Number of protein chains: 2
Amino acid sequence: MRVTITDIAKRAKVSPSTVSRVIADNPRISAATKEKVLRIMKEMNYHPNIIARSLVNQTTKIIGVVMPGMAEQSLQHPFYPELLGGIASMANNQGYKILLANVSTVDEEREMVKELTFGGITEGIILLTSRDDNPTVDQLVKNGFPFVVIGRTENPYVNWVDNDNFLIGYQLATHFIEQGHQEIAFLGYSPGYMVTRDRLNGYKKALQEHNIPFDPALVIESKFISDNGYDLMKQILVKEKRPTGVIACDDLLAFGAIRAIHEAGLRVPEDIAVAGINNVPLADYYNPPLTSVKINAFSLGTKAFEMLRTIMGSEIQSYNRAIIPAELVVRSSTQR
Amino acid sequence: MRVTITDIAKRAKVSPSTVSRVIADNPRISAATKEKVLRIMKEMNYHPNIIARSLVNQTTKIIGVVMPGMAEQSLQHPFYPELLGGIASMANNQGYKILLANVSTVDEEREMVKELTFGGITEGIILLTSRDDNPTVDQLVKNGFPFVVIGRTENPYVNWVDNDNFLIGYQLATHFIEQGHQEIAFLGYSPGYMVTRDRLNGYKKALQEHNIPFDPALVIESKFISDNGYDLMKQILVKEKRPTGVIACDDLLAFGAIRAIHEAGLRVPEDIAVAGINNVPLADYYNPPLTSVKINAFSLGTKAFEMLRTIMGSEIQSYNRAIIPAELVVRSSTQR
DNA sequence: TTGTAGGCGTTATCAT
DNA sequence: ATGATAACGCCTACAA
């Protein structure tokens, strides 16, 4: 049996409320009893029951983090863990704990969010998503529950933090153009995911600004995060008009692409320059080192938590957006 | 204000206990009232308060996962997220939620574990650790709180799941020896971490079995997980007696080492063969593809949860160990 | 300064 | 089949 406030009270010959006051560090208590109670608490190895406290306070100091398909693949990607690290670090030193929810299907997500919101166990939610049509988001909006989305959504009534993916696409494409490229393939476009759409649009904008016609044949679709860059690249290599540059929507895609290029007897960057996005640790170690875009996932996480706190603490409704700057990291894979 | 069981009761003109019975699907209730209550619950969008329920049930359906230094670097490593995925997937479909605790210091870890155990919020704990002297472990043992360690510890009174690191070291070394190597460096030994010690011992055993003298000069120490394989390898390359093979305790270390080797104008595997451990996704994409050991982190996670459940559900004390088999994945980096 | 009593939302026991 | 009541462990007016 766990030791409770009443046990302490009995032993100290005081009332439970007195003990409670000691715990709360209430000033209206004599130094003597305070010290005595404190001593006994230590003796009996007392620890307050968080559940009971939550029930009366209506506050749990827990936030929920909902990740899609974690069990399967998402967490495999360095992007997610870094994000999580950011959230956790911020949450932790503000005394919050993180309830991690991995959901594999949209239905699961809906149910999970329902539980987390109505169940009273969670004070706020951070939702990782990048899909356009997320019913969960609409649901949360309807309930007026405090939540923040990481990844841009089209629903205007949400608080979100994200990178400027349009800018990322734009900067990458500009970088290639400045290096003299005209035929630049875009690898890993995934309709239904705003991320890749924004990036593609940025890419188009850059082309347009330099009067380079946009060629849809150079856009290769794929699932958002996947390791099939190798196959995608082979699709490109068989075409008669070979691009001189490749922008991949993810570093893993880029690595696969490079392998395909090498196998075809071509060199990177001399024959085809390649860049990725996300700047995974190994981008720097790869051969050749891969030009990429640092997404600052950790900051995305910390910012998201910060925003959530603001929302939770405030009575006035507001819809906030935060853009975490991304950073082009140029390495040998795109340098002549 | 959130809608409670009493609100439902009033509206349905029944007592709270009746509503509670409906929720619990108690058979001793008339179909009529049951249906009515159910309907009103839906109408009013009722959801049970998990906190209140936990308080009376003394059960939360939450387990804690404590990771060291997550905020900083651990989570960066593909190993951890995969582990987490395994735990989460298992937990989820058994109706458990995961409370994620990232701790950066030993003190923090101790405090966190105290809160999680005595606070009553958590029914069991999975502790990720690989350090020998973990006071937290001793503490948990002392309290008789259900917990499972991922990573072997020396304390005999713990339940743990791990790979057979001795075997991993042994198999890797044997593989090198079979390829004709005699001078095999061991990169990334880290005293204080059982993992690397076990691996080193396995390596020694293999040497011994083949009558190859053990040369301490070939063992290069480093912090457990770090990205300084490049520098470590340079230390080796300046030595007069150059090894023909390198076993790195982690793939990232191996990647760095390969870069150093290439920079020195040598080839992998022709001049020096290199293998890593953990089989990160990019091992396969690297140039050359890296021989590594698949750790099956996901299984480590699922098994850990399974074990935890067993412990939580059983009154009889027992100390269980589970070994998740690792698997040597031979690629070009060690093949002539 | 300290104690008493009521309540947070639920479940479980005992009546009816 | 249903209702009243106590309890889970803690907090907080209100009293003393």
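All heavy atoms count here, side chains included; hydrogens, waters and symmetry mates do not. The chains referred to below are lettered A, B, ... by the order of the sequence lines, with proteins before strands, and numbering in each begins at 1. Quick caveat: nothing in here was measured; it's all calculated off a predicted structure.
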| request: Take the C1' atoms of the five end pairs on each side of the helix from C:dT1-D:dA16 to C:dT16-D:dA1, get both axes, and report the angle to 10 degrees. | output: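 Angle reported: 50°, given to the nearest ten degrees.
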N or O in side chain of [X] less than 4.0 angstrom from [N] OP1/OP2:
X	N	result
A:Gln58	C:dG9	yes
A:Thr33	C:dT2	yes
A:Thr18	C:dT2	no

Counting N and O atoms only, with roles assigned by atom type, does the side chain of [X] sit under 3.5 Å from a partner on the main chain of [Y], one being a donor and the other an acceptor?
X	Y	answer
A:Ser20	A:Pro16	no
B:Glu123	B:Ile63	no
B:Asp7	B:Thr4	yes
B:Asn165	B:Val195	no
B:Ser314	B:Ile311	no

| request: Verify the neighbour count for atom CZ of A:Arg11: are there more than 12 heavy atoms of other residues, nucleotides or ligands below 6.0 Å? | output: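 Counting neighbours around CZ of A:Arg11, 12 or fewer heavy atoms of other residues, nucleotides or ligands fall under 6.0 Å, so no.
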| request: Give B:Leu55 one of three labels, base, sugar-phosphate or nothing, depending on what nucleic acid heavy atoms sit under 4.0 Å from its own. | output: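 Answer is base: heavy atoms of B:Leu55 come under 4.0 Å of a base.
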| Heavy atoms under 4.0 Å, any strand shown: does A:Ser54 hit a base, just sugar-phosphate, or nothing? |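 No contact.
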| B:Phe118: ring pair (Phe, Tyr, Trp, His ring centres under 6.0 Å) partners, not counting sequence neighbours |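 Once residues adjacent in sequence are excluded, the partners of B:Phe118 under the ring pair (Phe, Tyr, Trp, His ring centres under 6.0 Å) criterion are A:His47.
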Find the distance [X]:[atom1] to [N]:[atom2] and express it as a whole number of Å.
X	N	atom1	atom2	answer
B:Ile121	D:dC8	CD1	C1'	16 Å
B:Ile29	C:dT11	CD1	P	12 Å
A:Ile8	C:dT2	CD1	P	16 Å
B:Ile51	D:dC8	CD1	C1'	13 Å

Shorter than 3.5 Å, N or O on both sides, protein versus nucleotides 10-14 of chain D: list them out with atom names.
| from | atom 1 | to | atom 2 | distance (Å) |
| --- | --- | --- | --- | --- |
| D:dC10 | OP1 | A:Tyr46 | OH | 2.6 |
| D:dC10 | OP1 | A:Asn49 | N | 3.1 |
| D:dC10 | OP2 | A:Ile5 | N | 2.6 |
| D:dC11 | OP1 | A:Arg53 | NE | 2.9 |
| D:dC11 | OP1 | A:Arg53 | NH2 | 3.4 |
| D:dC11 | OP2 | A:Ser20 | OG | 3.0 |
| D:dA13 | N6 | A:Arg21 | NH2 | 3.3 |

| field | Partner of A:Phe305 under ring-ring contact (aromatic ring centres under 6.0 Å, His included), chosen from A:Tyr96, A:Phe298, A:Phe147 | value |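 That would be A:Tyr96.
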| Pair A:Ser299-A:Thr302, side-chain donor/acceptor within less than 3.5 Å |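 Absent: no donor and acceptor within the cut-off.
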